[in-house]
2 protein chains.
Amino acid sequence: MKPNVKKILAQAEHICAQKDIRLTESRRHVLSIIAGSSKPIGAYDILKSLSQKMDNPKPPTVYRAIEFLQAQGFIHRIESLNAYVTCDAHHHHTGSQFMVCDDCGKVTEAHLCDLPTPLLDKTKKENFKLSSWNVELHGLCAGCQ
Amino acid sequence: MKPNVKKILAQAEHICAQKDIRLTESRRHVLSIIAGSSKPIGAYDILKSLSQKMDNPKPPTVYRAIEFLQAQGFIHRIESLNAYVTCDAHHHHTGSQFMVCDDCGKVTEAHLCDLPTPLLDKTKKENFKLSSWNVELHGLCAGCQ
DNA sequence: GCACATATGTTATATTATAACAATTTATAT
DNA sequence: ATATAAATTGTTATAATATAACATATGTGC
């Protein structure tokens with residue numbers, strides 16, 4: 001197992017122990033599969049990979065694990081790709097920002113703690129009660145230009 | 001036909017005439033269906049509505065129209081809802097910002113011309129060549145709180 | 001151990017989107 | 001006006017993504 005995967009798993013284990021919630025086998029497998037992917041991975045690719053670790057898993061197994069991992073903030077969904085990435089923030093956050101390379105497919109998370117002022121101003125102006133946000137930037141990463 | 005739908009259609013007609021591209025019947029129908037919806041509408045709901053205006057339309061008809069309308073900037077896709085809304089900006093833009101009410105489902109577009117500085121800074125820091133962006137804010141609209 | 005809550009297994013199906021190829025319509029050049 | 005190319009549509013089939021529903025099992029607190 002790659003060191004970064006190991007680290008992510010260890011972190012998740014720790015947080016789950018603290019919060020007294022269960023990082024079960026299928027959840028751990030799914031998290032390690034996502035962590036082991038160099039780019040966002042879709043649910044059915046996760047399923048394919050999972051079938052090498054478990055006996056004949058079905059879609060709900062993957063989607064349930066995804067739901068759990070998202071709820072804990074261990075992974076995020078890249079909406080424009082229908083795919084999932086691990087979160088490397090050390091704190092829970094209600095907003096996410098990603099840079100998606102349209103060439104190689106890799107995604108970098110930009111950790112802003114707060115919604116940028118121009119956007120926040122819009123919510124105030126509209127009296128919109130913000131609960132979460134997602135930003136996806138598309139373009140080319142440094143290596144692909 | 002509602003006045004706002006009429007207006008959106010007229011604008012689209014005008015722009016297409018200018019650019020010498022064709023706003024064909026199915027495209028016009030799909031645009032008017034999206035414009036007539038009070039909130040983002042999914043492709044298969046568009047299809048259902050379209051079947052009252054055309055003889056037995058199929059998914060590709062809707063998706064092709066959507067693709068065209070998106071390319072012209074007449075509509076946007078709300079990624080977190082798999083649904084479509086008309087764009088009321090009077091200029092083409094490569095970035096979009098939406099406030100999505102999780103209660104009533106209505107969406108308000110916030111027209112920022114530029115990517116907020118904190119995000120732009122991140123792209124520069126990563127040497128990421130930006131081509132487009134999408135921001136989706138979730139929460140409760142003024143009326144639903 | 002028992003009751004309850006949580007998590008998983010399993011089957012089926014819903015929802016969203018596209019591929020592939022044929023037919024038609026429109027634009028363009030001669 | 002007519003051949004040709006380009007754009008658009010029709011049609012069938014299927015891919016890709018996600019969830020409902022219900023049965024079973026497993027862990028937790030008493």
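Proteins come first, then strands; the chains are lettered A, B, ... in the order of their sequence lines, and each starts at number 1. Side chains are part of it too, since the values below use all heavy atoms of this structure and drop only hydrogens, waters and symmetry mates.
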Taking [atom1] from [X] and [atom2] from [N], how many angstroms apart are they, rounded to a whole number?
X: K58(A); N: dG9(C); atom1: NZ; atom2: P; result: 9 Å
X: N82(A); N: dA15(D); atom1: CG; atom2: P; result: 18 Å
X: N56(A); N: dT10(C); atom1: CG; atom2: C1'; result: 10 Å
X: I46(B); N: dT15(C); atom1: CD1; atom2: P; result: 15 Å
X: M54(B); N: dT24(C); atom1: CE; atom2: C1'; result: 13 Å
X: D55(B); N: dT11(D); atom1: CG; atom2: C1'; result: 13 Å
X: L81(A); N: dT17(D); atom1: CG; atom2: P; result: 10 Å
X: D45(B); N: dA14(C); atom1: CG; atom2: P; result: 15 Å

Residues within residues 59-74 of chain A bordering DNA chain D, heavy-atom distance below 4.0 Å: P59(A), P60(A), Y63(A), R64(A)
Contact list for residues 94-133 of chain B, test ring-ring contact (aromatic ring centres under 6.0 Å, His included), sequence neighbours left out: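 The answer is H76(B)-F98(B).
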Any donor-acceptor N/O pair, [X] side chain to [Y] backbone, under 3.5 Å:
X: Q97(A); Y: L112(A); value: yes
X: T123(A); Y: L120(A); value: yes
X: S51(A); Y: K48(A); value: yes
X: E136(A); Y: V100(A); value: no
X: K2(A); Y: G36(A); value: yes

Atom pair OH (Y44(A)) and CG (L50(A)), whose distance is rounded to the nearest 0.5 Å: 13.0 Å
Among R27(A), R28(A), R22(A), the one residue meeting salt bridge (charged side-chain N to carboxylate O under 4.0 Å, His left out) with E13(A): R28(A)
Sub-4.0 Å heavy-atom contacts from residues 21-44 of chain A onto DNA chain C, ordered by number: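 The stretch gives R22(A), T24(A), S26(A), R27(A) as the residues lying under 4.0 Å from the strand, ordered by number.
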In one Ile/Leu/Val/Met/Phe/Trp/Tyr side-chain cluster, 4.5 Å: I8(A), L69(A): yes
Nearest-nucleotide 5' precedence on DNA chain C, D20(B) against Y84(B): Y84(B)
